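Below: the structure, in structure tokens.
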Amino acid sequence: MKVAVLGAGPAGLYFAISMKRRNPAHQITVVERNRADDTFGWGVVLSAETLDNLADNDPVSAAWIRDHFAYWDDIAVYHGGHRTVSTGHGFCGIGRRRLLLLLQRRARELGIEMAFETEIDDPRPYMETYDLVVAADGLNSRSRAAFPEVFKPDIDVRKCKFVWLGTRQKFDDAFTFIFEKTEHGWVWAHAYQFEPETATFIVECSEETWQRFGFGDMSREESIATCERIFARYLGGHPLMSNAGHLRGSAWINFPRVLCERWSHENLALMGDAAASAHFSIGSGTKLALESAVALADYLHSESDLPAAFAKYEDSRRVEVLRLQSAARNSLEWFEDVERYLGLDPVQFKYSLLTRSQRISHENLRLRDPAWLGDAEAWFQRRSGNADNVHRTPMFAPFRLRELTLKNRVVVSPMAQYKAVDGCPTDWHFAHYAERAKGGAGLVSIEMTCVSPEGRITPGCTGFYAPEHERAWKRLVDFVHAETEAKICAQIGHSGPKGSTQLGWQKMDAPLPSGNWPVMAASEIPWSPANQVPKAMDAADMALVRAQFVASAEMAARCGFDMLEIHAAHGYLLSSFITPLTNRRTDRYGGSLENRMRYPLEIFQAVRSIWPAHKPISMRISANDWVGDDGVTPGESVEIARLLQAAGVDICDVSAGQTSLRARPVYGRMFQTPFSDRIRNEAHMATMAVGNIFEPDHVNSILLAGRADLVCLARPHLADPYWTLHAAVQMGDRDVKWPAPYLPGRDQIYRLSERNATMGMRV
Ligand SMILES: Cc1cc2nc3c(=O)[nH]c(=O)nc-3n(C[C@H](O)[C@H](O)[C@H](O)COP(=O)(O)OP(=O)(O)OC[C@H]3O[C@@H](n4cnc5c(N)ncnc54)[C@H](O)[C@@H]3O)c2cc1C
Ligand SMILES: Cc1cc2nc3c(=O)[nH]c(=O)nc-3n(C[C@H](O)[C@H](O)[C@H](O)COP(=O)(O)O)c2cc1C
């Protein structure tokens, strides 16, 4: 096969090598605009694992690369002049120039032709003369630009400015992050040694800080001198160096996240950064490039023709790329928002930095550096007021709100059971909630319990509006208090436009086949074309519903609930006021956020005035309508939280969505936790996180990174009422309290777990 490779970066060279290794008869030419030794950049990070994979593909180049690897195990963070170090991270790196020279040597040895100093303006002439053309011409690929309609590149230019520099100062004991506060804002550096004499020193800051410094108007020398001044106390008098002469190596840029919809066209395939890029802060760009090169070479030899090989290449690499780009997005967003975290305690800040991509979990950190993690856990326990038993994981730290102390941070999230009869909880509810209270969670919330018959979502929803409701709920609360250490929270709400609908396991949110009752909302906007058009509430309706909320809260107080939560999320009545998607009012309850929040806050104030002063109140909100700027955005939810906090709400239960059929949520593990993180660290309000959190590891990492104060689990508690007790077994925590009659069961599961742990299994 006659092959042209456009670009002699890691992707292009390694693809050429991989092809030639599979069949020496291929005629391969690599075309590159730069001179052979004229490469930009400093060090790149790879992992030992990546190199092992490469050794299977080409042992010769892998051995050469390994010979030049710099290894480092520690991560050091300077923050506020403070240095903290943790170990066990296991990176390795190599100079980019060294890597490319090794790959060029190997290519030459295999008989690959290389044409340097040859600019490619258009891939088409190559496509006409070669059987196969691989475009590995980097982030700003001209080959990609030649067929925009085919490749449909999605290029997301990120917010921070960065410049890739080098230094002779030694950073050889740790991969080092330095955060410096300057007169113009925070500036930070990512520094790592890759050769005995040289370290990479990437300087990064927000666009605003960059503007305030006036970097845009500075010459390269002035820019570097300014960076030297900012980081003077870390540089030991050594200058910062730019790869002058190459635009990308020395200029400030914004990182462009590239992802193409298609990666091939006719006989042309995109590879490496040209097809998909990954932010440098997770050090995976070169890994992606090298592994894609191997994959395409493989498929070109296993498949019968080019289209089949390209199809397999795209399919297999896209999954890996999306996985890495998701981790890279978490990581780069952390740096973009770093000013949110710089006020955290240095321990929490470091933990947040280490877990930013969400690829490193709590238990993963324990494997890497048990001593550091142990200290961090002890810090968390002490800060939670638990000085006696500092060796427990964050999940088992107490939490206090007003006079309420929870024994741990796990919450059974409210979940409608649809088993009530005329609003009255039944034995189902008693058995269901009693089991969960025995299961070890610190707080159990009952489902949205409605303030009136018309305020129910479905005919199966529970209420707080009749004497028999009070008797049934009180029986449950008394049991929970008498027999368990759990606290119990009453969630109260009104269904608004989503009322008069079918049970959860029937046609959710669809009107009843018969016996519908009238519904009301902020405006006359039905949930769907099939739902009733709600009545827009007038002053009398608002006064009535307010009084119903107060009467329900009074009932919950008489029952002895420890905490109250007002449901203002998920498109129900109060949520219909908050989101502009369903609030079209022109009075003082519509328009600005302050107006849209007015009625929910009036309800809160009325309820707060009768709710016992020593007990807390939470409010659940949808922090993202998932429709972009037309609805509530995570940014606006910070403003919502500020209003809640100013009104005296003790904690914000941060849910999202279910406010519009237009919503396009992005699901994933812990997918709503970023909204809680933002509210907690920007509005400085206590939060609960919820949404696809299902591992003890998730709970611990959310808490220790300061992304929430409490963690709600809903569906995991449907599958396992004893989720918390089982989590303790899994983590080896022996300090949780089991109900006395269950102690023999506890002892057995502890024994089994210890036995299995020694055999490397999990209970
Ligand atoms: C600041 C920074 C730090 C990074 N750190 C790391 C890291 O630690 N670890 C890691 O794995 N990755 C890192 N990367 C990413 C890494 O550099 C790239 O992902 C990787 O180099 C991609 O390889 P590539 O071959 O696709 O593209 P490139 O390395 O960009 O190579 C493209 C080649 O094509 C040539 N070319 C482009 N256009 C033309 C043209 N018109 N005519 C002729 N030739 C052309 C270029 O000169 C270049 O040699 C970092 C990137 C940056 C910006
Ligand atoms: C069956 C079921 C019923 C629910 N009912 C309520 C409810 O009454 N009130 C509420 O605020 N959220 C309710 N939710 C949402 C959950 O509290 C939680 O926010 C959501 O399920 C995401 O958490 P998870 O991923 O842990 O399940 C319900 C969820 C489920 C699965």
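We count ligands from 1, going down the list as the structure has it; atoms in each ligand are counted the same way. This structure is a prediction, so every number in the text was calculated from the model and none was measured.
- When only interatomic distances are considered, the shortest N/O to N/O separation between Ala11 and ligand 1 falls below 3.5 Å.
- With ligand atoms numbered from 1 in the order given, ligand 1 contributes 27 (O), 30 (O), 32 (C) to contacts under 4.0 Å with heavy atoms of Gly138.
- Between the choices Met415, Arg620, Gln672, the shortest heavy-atom distance to atom 19 (O) of ligand 2 belongs to Arg620.
- Counting only heavy atoms of the protein, atom 7 (C) of ligand 2 lies nearest to Pro414 O, 3.5 Å.
- Using cut-offs of 30° and 60° on the angle between ring planes, the pair Tyr433 and His429 is parallel.
- Ligand-side atoms of ligand 2 in range of Gln491: 7 (C), 8 (O), 9 (N), 10 (C), 11 (O), range being under 4.0 angstrom from any heavy atom.
- Of all the atoms in ligand 2, the ones that sit under 4.0 Å from a non-hydrogen atom of Met448 are 7 (C), 8 (O).
- Checking only distances, Leu713 never comes within under 3.5 Å of ligand 2, N or O to N or O.
- Cation-pi geometry between Lys161 and Trp252 is not met at under 6.0 angstrom from the ring centre and within 45 degrees of the axis.
- Note: Phe162 CZ to Phe335 CZ = 12.5 Å, rounded to the nearest 0.5 Å.
- Taking a cut-off of under 4.0 Å to the non-hydrogen atoms of Ala136, the atoms of ligand 1 that pass are 32 (C), 33 (C), 34 (O).
- Contacts between Ala278 and ligand 1, counted as non-hydrogen atom pairs separated by less than 4.0 Å, are absent for every part of the residue.
- For Gln325 (side chain) and Ser277 (main-chain N/O), a donor-acceptor pair under 3.5 Å exists by modelled atom type.
- Counting heavy atoms closer than 4.0 Å to ligand 1, residue Phe255 contributes nothing at all.
- Among the atoms of Pro10, some N or O lies under 3.5 angstrom from an N or O of ligand 1.
- Look at Arg669 and Asp697 and you find no salt bridge, because none of the NZ, NE, NH1 or NH2 atoms lies under 4.0 Å from a carboxylate O.
- Salt bridge status for Arg142 with Asp137: absent, with no side-chain N to carboxylate O gap under 4.0 Å.
- Residue-level proximity to ligand 1 for Ala289 is carried by the side chain, the only part with a heavy atom below 4.0 angstrom.
- The N/O atoms of Leu139, backbone and side chain alike, include none that comes under 3.5 Å of an N/O atom in ligand 1.
- By the criterion of a heavy-atom distance under 4.0 Å, the side chain of Asn34, and not its backbone, is placed next to ligand 1.
- Looking at Pro716 next to ligand 2, no N or O pair under 3.5 Å apart turns up.
- When each atom of ligand 1 is checked for a heavy atom of Gly272 under 4.0 Å away, the hits are 26 (O).
- Within 6.0 Å of atom CD in Gln506, more than 12 heavy atoms from other residues, nucleotides or ligands are found, so the atom counts as buried in its surroundings.
- By the 4.0 Å heavy-atom criterion, Gln417 is excluded from the residues contacting ligand 2.
- When atom types are taken as modelled, the side chain of Tyr14 and the backbone of Ala289 share no donor-acceptor pair closer than 3.5 angstrom.
- Between Val203 and Trp164 the shortest side-chain heavy-atom distance does not fall below 4.5 Å.
- Ring geometry, Trp263 versus Tyr313: the interplanar angle exceeds 60°, so the pair is classed perpendicular (tilted spans 30 to 60°).
- For the pair Ser413 and ligand 2, the shortest N or O to N or O distance falls below 3.5 Å.
- Atoms of ligand 2 lying under 4.0 Å from at least one heavy atom of Gly691, given by number and element, are 22 (C), 23 (O), 25 (O).
- Residue-level proximity to ligand 1 for Lys287 is carried by the backbone, the only part with a heavy atom below 4.0 angstrom.
- Looking at Trp42 against ligand 1, nothing comes within 4.0 Å, counting heavy atoms.
- For Gly504, the closest heavy-atom approach to ligand 2 does not fall below 4.0 Å.
- By the 3.5 Å distance cut-off applied to N or O atoms, Ala416 is counted among the residues near ligand 2.
- The closest non-hydrogen atom to atom 51 (C) of ligand 1, taken over Trp164, Phe162, Phe91, Tyr192, comes from Trp164.
- Surrounding CD of Glu49 are at most 12 heavy atoms belonging to other residues, nucleotides or ligands under 6.0 Å away.
- Considering both main-chain and side-chain atoms, Gly7 never comes within under 3.5 Å of ligand 1 through any nitrogen or oxygen pair.
- Residues Arg317 and Glu320 are not paired through a salt bridge, judged by the lack of any N-O separation under 4.0 Å between the basic side chain and the carboxylate.
- Between His432 and Trp428, the ring-plane angle classifies as parallel under the 30° and 60° cut-offs.
- Side-chain atoms of Ser331 never come within 3.5 Å of backbone atoms of Ala327 as a donor-acceptor pair (strictly under, hydrogens ignored).
- Looking at Thr200 against ligand 1, nothing comes within 4.0 Å, counting heavy atoms.
- Interface of His567 with ligand 2, defined as ligand atoms under 4.0 Å from a residue heavy atom, comprises 9 (N), 10 (C), 11 (O).
- Residue-ligand proximity, Glu119 to ligand 1, at heavy-atom distances under 4.0 Å covers atoms 40 (C), 41 (N), 42 (N).
- Considering only non-hydrogen protein atoms, atom 20 (C) of ligand 2 sits nearest to Ala714 CB, 4.0 Å.
- A donor-acceptor pair under 3.5 Å is absent between the side-chain atoms of Arg33 and the main chain of Thr118, judged by distance alone.
- Heavy atoms only, all atoms of each residue included: Ser281 and His190 are closest at CB-CE1, 4.2 Å.
- Formation of a donor-acceptor pair under 3.5 Å by the Arg144 side chain with backbone atoms of Leu139 is found in this model.
- Paired with Glu336 under the rule salt bridge (charged side-chain N to carboxylate O under 4.0 Å, His left out), one option of Arg356, Arg158, Arg257 passes, and it is Arg158.
- Of the possible polar contacts, one joining the Ser676 side chain to the Arg707 backbone as a donor-acceptor pair under 3.5 Å is found.
- Contact analysis leaves Leu288 out of contact with ligand 1, as no non-hydrogen atom separation drops below 4.0 angstrom.
- Atoms of ligand 2 found under 4.0 Å from any heavy atom of Arg715, numbered from 1 in the order shown, are 24 (P), 25 (O), 26 (O), 27 (O), 31 (C).
- Among the atoms of Ile693, none of the N or O lies under 3.5 angstrom from an N or O of ligand 2.
- If you number the atoms of ligand 2 from 1 as listed, the ones under 4.0 Å from a heavy atom of Asn692 come out as 24 (P), 25 (O).
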